[in-house]
K.L.:
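Here it is, the structure, as structure tokens.
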2 protein chains.
Amino acid sequence: MAHERQKSIARNSLLIRSLPDHHVDILLGQAVWRSYERGETLFLQEEKAQAIHVVIDGWVKLFRMTPTGAEAVVSVFTRGESFGEAVALKNMPYPVSAEAVTTCEVMHIPSSVFLSLMRRDPEICISILASTFGHLHSLVAQLEQLKAQTGAQRVAEFLLNLSDCSDGPCEVTLPYDKMLIAGRLGMKPESLSRAFARLKDAGVTVKRNHAEISDIAQLRDYAESDPAESWSKG
Amino acid sequence: MAHERQKSIARNSLLIRSLPDHHVDILLGQAVWRSYERGETLFLQEEKAQAIHVVIDGWVKLFRMTPTGAEAVVSVFTRGESFGEAVALKNMPYPVSAEAVTTCEVMHIPSSVFLSLMRRDPEICISILASTFGHLHSLVAQLEQLKAQTGAQRVAEFLLNLSDCSDGPCEVTLPYDKMLIAGRLGMKPESLSRAFARLKDAGVTVKRNHAEISDIAQLRDYAESDPAESWSKG
DNA sequence: CGGGCGACATGACTATGGTCAAGTGGACAT
DNA sequence: ATGTCCACTTGACCATAGTCATGTCGCCCG
């Protein structure tokens with residue numbers, strides 16, 4: 001059963017916030033609300049999708065198991081973010097598995113509910129397309145990063161995304177453990193450690209799950225500089 | 001103006017093929033048909049999207065320019081494939097640029113046409129979501145490949161995707177030049193050369209734009225084997 | 001026919017990042 | 001307190017792939 005706090009987070013999610021109130025009430029009313037413990041599975045790759053998922057609290061990761069058993073993290077979602085839209089509405093098998101990274105609360109909207117609302121009001125499609133586009137865009141950005149940046153630069157961007165200020169010094173808290181951050185950024189934990197070490201030159205100090213950035217602008221320069229130039233003199 | 005051959009390719013595209021005939025006729029009737037020369041730009045990153053694009057013939061690449069000027073190829077489309085669906089319907093700026101890789105023909109469907117049809121028949125949303133899901137899926141697959149496979153393995157998968165037979169020997173023609181293949185697979189042309197050289201051990205011979213595979217199954221084994229094991233013994 | 005250009009191949013060198021192995025240090029339970 | 005577990009760090013080593021330089025081949029153009 002949903003408390004008001006949970007419903008309000010759901011209302012503000014990218015997926016739902018632009019819908020008219022009477023539709024939102026129907027969606028929230030028919031949704032399934034669940035808690036997951038750290039490590040619990042939400043669904044597995046190849047499973048048939050039957051719901052759209054909205055994270056209310058905590059963190060959830062999407063990942064793929066490669067044929068050789070290695071795990072590739074595709075994305076990590078938190079409060080207000082949703083996933084599975086396109087898959088659920090087509091009743092297709094998930095291309096990824098989902099697992100709770102921390103204790104978390106998730107709202108599941110059965111795709112049938114969404115589908116019947118869509119028939120009544122096509123505007124809802126646009127909401128879904130908007131979130132789906134968001135995912136598309138973030139995957140494209142990840143691809144660009146993997147192809148064009150070094151590990152340390154990807155870590156720099158990761159920190160920049162966490163920080164809310166736009167210049168000067170800043171502090172950020174790492175939202176989940178470093179093993180997962182490494183996975184999300186396409187590297188091994190050892191490499192992440194070394195990337196953090198390198199970022200010391202760019203004014204970043206990391207202690208526990210806390211990072212201090214001495215100058216946001218400097219870090220941004222580092223993240224976007226050409227890997228070829230200016231490193232030798234490190 | 002569209003010939004019948006062009007219209008028939010459009011009808012068979014993933015985006016359009018599941019729509020009812022009377023809608024398809026409207027879409028094809030209002031589409032803009034254009035030819036592009038090799039190197040010509042279809043649209044630029046950050047430009048506002050106003051149409052959905054369907055490739056009728058030739059090859060089109062989507063790519064991003066990084067802040068440092070490097071180019072990251074996101075995908076390469078050919079006959080029957082469409083792109084820009086989610087972006088166009090939200091009137092958002094393209095996250096990528098598009099360029100003709102060969103001389104090609106492209107059909108542009110103004111998003112207004114799609115939107116008005118959607119209001120009449122919500123089923124159309126599902127078609128759009130289906131193509132969008134396809135793109136999402138292929139990006140996820142690319143991410144997994146980049147994170148979990150070596151260059152030579154990615155080349156092997158690329159060849160496997162081109163081949164239509166499922167075992168035994170096989171010949172494939174490289175669909176566009178090696179510089180672009182390298183970009184698509186996230187490597188430099190030099191590395192692609194070396195990757196092809198390595199694949200000789202896996203039974204692949206490349207001459208010009210023609211590749212001979214002595215045994216599809218063997219190549220598949222190579223593509224999915226664990227990078228860590230079995231390589232030292234070259 | 002010869003010159004030049006661009007795609008592609010190859011060699012030498014370097015750097016990024018994966019692997020393995022040995023630590024450190026915090027959290028938690030007994 | 002003390003031991004154990006696990007995340008994390010660090011060092012040594014090596015494979016992969018980027019960079020730079022050079023060389024070859026095919027092609028277009030005069």
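Lettering follows sequence order; numbering is per chain, from 1.
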K.L.:
Scan residues 181-188 of chain A against DNA chain C and write down, sorted by residue number, each residue with any heavy atom closer than 4.0 Å; if none is found, say none.
P.N.:
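Nucleic-acid contacts, sorted: A/G186, A/M187, A/K188.
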K.L.:
What pairs meet the side chain to side chain donor-acceptor pair (under 3.5 Å) rule with one or both residues in residues 174-186 of chain B, with sequence neighbours excluded?
P.N.:
B/R38-B/D177
K.L.:
Flag this pair as yes if the NZ/CZ of B/R34 is under 6.0 angstrom from the six-membered ring centre of B/Y36 and inside a 45 degree cone about the axis; otherwise no.
P.N.:
yes
K.L.:
Side-chain donor-acceptor pairs under 3.5 Å in residues 43-50 of chain B, sequence neighbours left out?
P.N.:
from, atom 1, to, atom 2, distance (Å)
B/Q45, OE1, B/M65, N, 3.2
B/E47, OE1, B/L44, N, 2.9

K.L.:
One thing to verify: whether A/E71 and B/K147 come together as a salt bridge, which I'm taking to mean a side-chain N less than 4.0 angstrom from a carboxylate O.
P.N.:
no
K.L.:
To the closest 0.5 Å, what do you measure between CZ (B/R198) and OG (B/S193)?
P.N.:
13.0 Å
K.L.:
Quick one: which protein N/O atoms are closer than 3.5 Å to N/O atoms of nucleotides 24-29 of chain D? Pair and distance per line, please.
P.N.:
from, atom 1, to, atom 2, distance (Å)
D/dG26, O3', B/R208, NH2, 3.3

K.L.:
What about A/F77 and A/H135, are their ring centers closer than 6.0 Å?
P.N.:
yes
K.L.:
In this structure, how many angstroms lie between the P atom of C/dA9 and the NZ atom of B/K207, rounded?
P.N.:
12 Å
K.L.:
Would you indicate whether the side-chain heavy atoms of B/P175 and B/W59 approach each other to under 4.5 Å?
P.N.:
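Side-chain contact under 4.5 Å: yes.
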K.L.:
If you look only at distance, which donor and acceptor atoms sit under 3.5 Å apart when one is on a side chain in residues 162-171 of chain A and the other is two or more places apart or in another chain?
P.N.:
from, atom 1, to, atom 2, distance (Å)
A/S163, OG, A/L160, O, 3.0
A/E171, OE1, A/H210, NE2, 2.8

K.L.:
Using a strict 4.0 Å threshold on nitrogen-to-oxygen distance, state whether B/E105 and B/R79 make a salt bridge.
P.N.:
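Looking at B/E105 and B/R79, the cut-off is not met.
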K.L.:
Rounded to the nearest Å, what distance is computed from the CZ atom of residue B/R198 to the P atom of nucleotide C/dA9?
P.N.:
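From B/R198 CZ to C/dA9 P: 15 Å.
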K.L.:
Starting at atom CG of B/L199, determine the distance to atom C1' of D/dT16, rounded to an integer number of angstrom.
P.N.:
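These atoms are roughly 14 Å apart.
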K.L.:
Would you say A/V60 and A/E99 make side-chain contact, with heavy atoms under 4.5 Å?
P.N.:
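No. Closest side-chain heavy atoms not under 4.5 Å.
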K.L.:
Check nucleotides 4-10 of chain D for protein N or O atoms closer than 3.5 Å to its own N or O atoms and list the pairs.
P.N.:
from, atom 1, to, atom 2, distance (Å)
D/dC8, OP1, A/K178, N, 3.1
D/dC8, OP2, A/K178, N, 3.3
D/dC8, OP2, A/M179, N, 3.0
D/dT9, OP1, A/K178, NZ, 3.1
D/dT9, OP2, A/S193, OG, 2.3
D/dT9, O5', A/S193, OG, 3.2

K.L.:
Which whole-number value in Å describes the distance from A/L146 CG to D/dG18 P?
P.N.:
13 Å
